[in-house]
Amino acid sequence: MAADFLISIASKIGECLVTPIGRECGYLVNYHSNLASLQREIEDLCRKKDGVQGLVDAAKRNGEIIKPDVQSWLENVNDDMVKKVLQFEDEINKKRRCVYRWSLSRKAYKITQHVLQLQNKGTFESVAHPAPPRKIWLTFNEDFKDFKSRMAKINEVIEGLKGEEVRLIGICGMGGVGKTTMVKEIIKRLDKLNLFDEIVMATVSQSPNVRMIQSEIADKIGLKFEQESESGRALTLHGRLTLIKRILIVLDDVWTDPNFEKIGLPSGDAHKGCKILLTSRDSDVCNRMGSEPIIAVPTLTTEESWELFREMVGESFDDRDLRSVAKEVVNECGGLPIAIVTVGKALVKKSKREWDDALNQLRNSTPVNIPGVNDKVYSSIKWSYDRLESDEDRSCLLLCCLFPEDYDIPIEYLVRYGWGRGYFSNCSTLEDTRNRVHSLVAQLQRRFLLIDSSNRQTTKMHDIVRDVAISIASRDPHRFLVRSHAENKEWPNLATYDTISLVGHLEIPVGCPKLELLQTMEGCFSEGSMDIICNEMKKLKVLALLAMNHLGLSRSLGVLKNLQTLCLDGSKFDGRSTDVIGSLENLEILSFRNCYDMRELPREIGRLQQLRLLDTTNCRNLKVIPHGIFSSLCRLEELYMMGSFDKWDLGTGREDKRMASISEVMSLSHNLKVLAIQMPPNVIHLLPKDIVLKSPTIKFHIYSGTGAMEFWETFFGTAESDARKFENCLVIADSDAREFMESQAVGLMLKKSKRLALGNVKNFSALTELDEEGFQDLKVLYLDCCPNIEYLVNGTSALFPRIQSASQLPNSFLTNLRFLQLSSCDVLKYAFSLSVVRNLVQLEELNIGECHQMEEIVSKQGREHDEEADMISFHKLINLNLWYLQSLAGFFQANKLYSNQEETTPRVEHQSAGIFEKAIFPSKCISWFPSLEEVKLSGMEFEGVLFDLKIHIVMDGQTDPTCPQLRKLEISCCKFTHLWKNIPSGFQGFQNLRYLKLTYCSGIKYVFSHLIARKLLNLEEVNISQCSGMETIVRITEENEEEATKDMILYPRKLNRFKLVGLPRLTSLCPAGSTFQWSSTKNMHVQKCEKLKTLGAVIPQRKKLENKSEKDSTSHDFSTPPTRSSNWCPDGCGCIPYSRPNAQRPIEILPRPIIQEVTPTNLEDSDDDDNLESLSVYLCNSMEVIFHVKGLKHEESSHSVEAFNKLRFLLLHKLPSLTRVWETGSSQPMFAGSSFGNLKWLRVYRCNQLKYLFSSSIVKLLVSVEDIKVDRCEQMEEIVAAEEEEAGEIITLPKVKSIELGNLPKLKYFCGEAYTLKLPSLELLKAINVQDLRPFDSKLVDTHNPRLQVKPAFRQEWTSQEMRNAYVKRNE
């Protein structure tokens, strides 16, 4: 038995030993197989990474947000794994001997396991989610004039929206009074106040389009409809809106009561968090809808009208001879902004006679009865129309009224319609016409008869101007008719009309023998509609059938012999019915843009001998264009085919089955002005040699390669709009440079390109290989994933065998370049030599990323002297973006030694000590950027300084300002140790910095030197997050310690947002002996700063309560130098707070996120530094006191502190060390007067050391508090704690409506027996799991309040769980 037992033990021991021994021996035996396995798995991982990266790139092109786990996985692969494998490769190469094989094999096995784990984690169902919609107010571009008459109404609306019971507010007023402009300003201000989670806006108009309204609202909240029916969309929209807790829906230009149910809007009490704000010209509409209140917008006062008119007419206003007539003109405008603006703009720089004539015309104008349009508005707009310089201006304006209200009017339609009507007789080509129309639109916008659109290729028309224009156009000699399907009117006598525009489902009218232009939009043709057009409208010159369903072209279309423009954009039909177009012998413009059902371009189109423009843009299913069509179009000027046909014939195959070819297009190119096409990959070199020879002025957009179009649009916007800007553009993707460099055609296009993008193009090492003359016309250059490019121009480096001297550099090389982006060019070691930089006089934006070998942006490359660097300047560079440059050692390394250079002089040393710092922006190049406004840096491995100011030249104690225009600085995932270092005395710079964002930078211990902080006079927003080494925000550096007692107010009043998140080592914000005036911040967020106990003392505004008119003897003079002695801060705060004479009662605050900003009303005429409105504190483990004041015994009790009188919201969450919210002195209250007088909402959660919420002295100040919620505070014993010598006092909280108490196991009293607490406005008292709370006396609650329901048990002890869960409930 014993033997068996020993054998068993030995067997087990053997098993335990054999397995590890075998595994360890296996490392040696499997050395080669482990290395091969690692190589194999790495290749698989790279393929998977490329696949995921491709999906990520596609998602980014669509504007989607990449999921964090996908981003993290890519970073793990690109950074950690790649770095680990490269280090392992170096180790293998260094350890060739057999003795190292065991360790290398073991490491290979371990890395392989890690690779396999990454492979398993690299499978994602999706890599991104849709980006949230842009804030609506970001699309507004109008400048609001804050006249008193408008500000009063704006504040009235905002205050009304704050009321809980208000559901709908109406803004009414006559047309042109400025309702829409006012609403947009209200939206901007509401966004800052954070009253709503979402704000959406839709234009209803005189002819409501339910689907359009639904789409406008859905777009703003990121909702995509899958339903086609209006009722289905309404249900979806209603369901989505009810999920948004607080939403404001703005309905603009309401003429009749909108059907909320039909649209899908919540109504009544269906969603109490939904509020409606509408504008209307008719107050009866507001009344019928139950609007409360109704805000009437008055006309401008005389003074306001005069001020606005003065701004419009400019210098003319200063002419004394015009003053008297100017007043009369302003009076004729009737105080209506739109009238004042349009008339004023038309009178700019006009003579006295013209002013007199204007006044006479305004007085004698015959008004027309237009619903909702004031007579004076009509007269002023009609007069402005009559004063237009030419018939072309007037015709262009009238064309704009053909489109629906609030429509983004494509300027290209004005070009094509105007050409067809013959409006621009002096223009011989379409290009001339387009230039003319854009010029006319700009003129009309300057006159405010048209307004800017968010898209540069479109314009908009104010609804009042449109109404007047339609009225003008409806009379002789124009005779326009504009009709929407929502207008149920009889057709007038159409015998004399020459222009008709129909929107929606309307029957085509008959009896229009003189009609020259017919536009139909978003409708559906009934059977026979096209026959009516052909038989009844034989004089048609322009026929535009836009976004029409079931469109079939009649065989009789050929009778329209006068037709010159035919636009079928967005209509649904197949290409088989388009062969009848070939009979339109005089047709000059033919457009099929966005006709997705079109599959074939019929051969009959080749019969259109007069055709000048053909557009098949985005006909994505167009696959067939028969050979021979284009060669017949002998007058063709412009061909647009982006996003459609790309099966160009290469000259092979049977003649009868061949497709159209580029040679065929170019055979007639004496007239061709614009060519916009795309081509499949690897065929661009087959372009004919004469592609740009027959017409030297040709403008082109040519995209070659898979995804070339998407590749361009990701970075530079839509291709179709770019094509019409006449900027030559060439995009080549997935190609071999050796092939297309042999093509004369491609060479000529490269030379003429103004925009050039090369993506995944291999086998060229320098940009100069593609154009030896230096791309002298190029404005935009994008190089991505070009694996062989070593430098932009053949440089002076001895590393490269083909060397040009600097003198051989073309003088015009990149002299017109405005934009440059270099990305994923893995062997590129620098971007420019010093000699190249001298040519970049126009460069405005520079983006460089993921070039892993890049060591510097500018390189002197050995043969260039340091003196040349002193002559360098990026004069116009505005934006600089560098990301993931793992080898970057600096923008420019002045002291770098190159392989062909000996160190003959010692390194330059600072006047005090030390050599040059390692810096991204070393002192040698810090003055190169006089115009730089925005800098973004991310993913830098560089461990050093960002800005080194060491030898910055100081003259007379001052320096030339450094980066004087820099407004935005963003840094993420970098290993910098300092942002600024070595600041000399008298330094000037960075004074315009507005925004600073610093994230995931673990090496930085502080953000600002105090000298830098003092210069940031315009700083508005600071965002510091996830910087694990951050200890303080502002620090006094040793070399400048003597200056630390001067002007130590470090932050200005302009600071709007201050965010600190995830800074585990942060102990203070202030340097020793400074004041951080954080109470002037409007929005503050501090989270997960575990060691932070205080933000430092804030110096409040002090007043004598008994005599506020006297100057406060204890008010602070911030120009007084600080002293070093102070006892303000609690122990362990980590800083020495600021101390001043007469300042014995500091406030020590430990703040957190501010959700709202100061209301516009409170900001008016406010000049103090106390702007805090909302304060949230959470997840700060060391926080002990929120509002902290220490008073001294000898201070007069008549002095009191007034502070935080704008604070409205206070949230305390998960503060495990918090013992007091307010701490005051023992002898008297420190806060008094209006302190906390605006506090309305108070939330306290999970503060387990907190025993009470208010002291009795504090609760007396809370005259405005309405809502109190306390939950899960385990030690809470009472809400209001007693103070000495105040027994029997009555305390009233006059506005408290709601008190919610939950999970407070030790709570016994709301208010102790020493006090009587009255709650006259209480509507809701809710208690959950508060077993020991004693009931309120009902005498202290207003039982006559109709909203309060009091049960009999209210006056009794609680005896059941049900009563504990619902003490007093709101009467629903």
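Computation of the quantities below employed the complete heavy-atom set of this structure, encompassing side-chain atoms and omitting hydrogens, waters and symmetry-equivalent molecules. None of the values given here were measured: they were computed from a predicted structure.
Residues that satisfy the side chain to side chain contact (heavy atoms under 4.5 Å, CB included) test with I470, not counting sequence neighbours, are C401, R466, V482. Listed by chain and residue number, E970, Y995, T999, N1023 satisfy the side chain to side chain contact (heavy atoms under 4.5 Å, CB included) test with K997 (two or more places apart in sequence, or in another chain). In this structure M212 satisfies the side chain to side chain contact (heavy atoms under 4.5 Å, CB included) test together with N209, E216, E522, sequence neighbours excluded. A search for side chain to side chain donor-acceptor pair (under 3.5 Å) contacts involving T242 returns nothing, not counting sequence neighbours.
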Would you tabulate the side-chain donor-acceptor contacts of residues 295-302 under 3.5 Å, counting partners in other chains and residues two or more places apart, or write 'none'?
residue	atom	partner	partner atom	Å
T301	OG1	E304	N	3.2
T301	OG1	E304	OE1	3.4

Using a 3.5 Å cut-off and no angle test, enumerate the donor-acceptor pairs between side-chain atoms of residues 166-173 and protein atoms at least two apart in sequence or in another chain.
residue	atom	partner	partner atom	Å
R167	NH1	E164	O	2.9
R167	NH1	K272	O	3.3

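The CD1 atom of I221 lies 13.5 Å from the CD1 atom of I199; values are rounded to the nearest 0.5 Å. For the atom pair I338 CD1 and I381 CD1, the distance stands at 4.5 Å (nearest 0.5 Å). Taken from NE2 in H462 to CG in D467, the straight-line distance is 9.5 Å, to the nearest 0.5 Å. In this structure, NZ in K345 is found 13.5 Å from CD in Q443, a value given to the nearest 0.5 Å. Atom OG1 of T459 and atom CG of L444 lie 8.0 Å apart (nearest 0.5 Å). Taken to the nearest 0.5 Å, the CG atom of L996 stands 8.5 Å off from the CG atom of L1016.
With a 4.5 Å cut-off on side-chain heavy atoms, W1241 and L1210 do not count as touching. No side-chain heavy atom of I409 sits less than 4.5 Å from a side-chain heavy atom of T458. Using a 4.5 Å cut-off on side-chain heavy atoms (C-beta onward), I154 and R189 make contact. By the 4.5 Å heavy-atom criterion applied to side chains, R994 and N992 are counted as neighbours. Residues I1268 and S1298 are not in side-chain contact: their nearest non-hydrogen atoms beyond the backbone lie 4.5 Å or more apart. By the 4.5 Å heavy-atom criterion applied to side chains, I217 and I249 are counted as neighbours. Looking at heavy atoms from C-beta onward, L397 lies in side-chain contact with M461 at the 4.5 angstrom threshold. Within the 4.5 Å cutoff, no side-chain heavy atoms of V204 are placed close to those of W255.
A salt bridge is defined here as a Lys NZ or Arg NE, NH1 or NH2 lying under 4.0 Å from an Asp or Glu carboxylate O, and K1295 with E1266 fails to meet this definition. Ion pairing of K460 with D406 is present here, as a side-chain N (NZ or NE/NH1/NH2) and a carboxylate O approach within less than 4.0 Å. Between R310 and E307 there is no salt bridge, since no side-chain N of the basic residue sits under 4.0 Å from a carboxylate O of the acidic one. Salt bridge D197/K245: absent, no basic N to carboxylate O contact under 4.0 Å.
Within 6.0 Å of CZ in R1243 there are more than 12 heavy atoms belonging to other residues, nucleotides or ligands. Around NZ of K327, the count of heavy atoms belonging to other residues, nucleotides or ligands within 6.0 Å does not exceed 12.
The main-chain N or O of V254 is found under 3.5 Å from a side-chain atom of S280 such that the two form a donor-acceptor pair. At distances below 3.5 Å, at least one donor-acceptor pair connects side-chain atoms of S291 with backbone N or O atoms of P293. In this structure, R246 contributes its side chain and L195 its backbone to a donor-acceptor pair below 3.5 Å. Within the 3.5 Å criterion, the main-chain N or O of L450 finds no donor-acceptor partner in the side chain of Q445. Listed for the N1238 side chain is a donor-acceptor partner under 3.5 Å among the backbone atoms of N1205. The closest donor-acceptor contact from the side chain of H271 to the backbone of I247 lies at 3.5 Å or more, if one exists at all. For S267 (side chain) and F260 (main-chain N/O), no donor-acceptor pair under 3.5 Å exists by modelled atom type. In this structure a side-chain-to-backbone donor-acceptor pair under 3.5 Å is missing from T181 to G178.
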Test M182 against K153 for side-chain contact (heavy atoms from CB on, under 4.5 Å), laying out the working first. CA-CA 9 Å; M182 181 184 293; K153 299 299 179 182; 4.1 Å; yes
For side chain to side chain donor-acceptor pair (under 3.5 Å), just list the numbers for D408 and S453, CA-CA rounded to whole Å, side-chain angles, deciding distance to a tenth of an Å, and then say yes or no. CA-CA 7 Å; D408 285 310; S453 173; 2.6 Å; yes
D1267 vs K1297, test: side-chain contact (heavy atoms from CB on, under 4.5 Å). Steps then yes/no. CA-CA 6 Å; D1267 195 329; K1297 296 179 180 179; over 6 Å; no
Do C274 and L241 pass the side-chain contact (heavy atoms from CB on, under 4.5 Å) test, and can you show the C-alpha distance, the side-chain angles, and the key distance before you say yes or no? CA-CA 8 Å; C274 176; L241 292 174; 6.0 Å; no
Go through it in stages, so that I can follow the logic: the residues are L190 and L161, the test is side-chain contact (heavy atoms from CB on, under 4.5 Å), and I'd like the CA-CA distance, side-chain angles, deciding distance and then a yes or no. CA-CA 9 Å; L190 287 173; L161 290 171; 3.6 Å; yes
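For K275 against G163, the heavy-atom pair with the smallest separation is NZ-O, 2.5 Å. Of all heavy-atom pairs between L1211 and F1209, the closest is CB-CE2, 3.5 Å. The two residues V330 and S305 make their nearest non-hydrogen contact at CG1-CB, 3.7 Å.
Note: W355 and F309 have perpendicular aromatic rings, judged against thresholds of 30 and 60 degrees for the angle between ring planes.
One side chain, T180 or D252, offers a donor N or O that lies under 3.5 Å from an acceptor on the other. Between the side chains of T203 and D253, no donor N or O sits under 3.5 Å from an acceptor N or O.
Tested against M201 for a side-chain contact (heavy atoms from CB on, under 4.5 Å), the candidates V183, L248, L251, L277 yield a single pass: V183.
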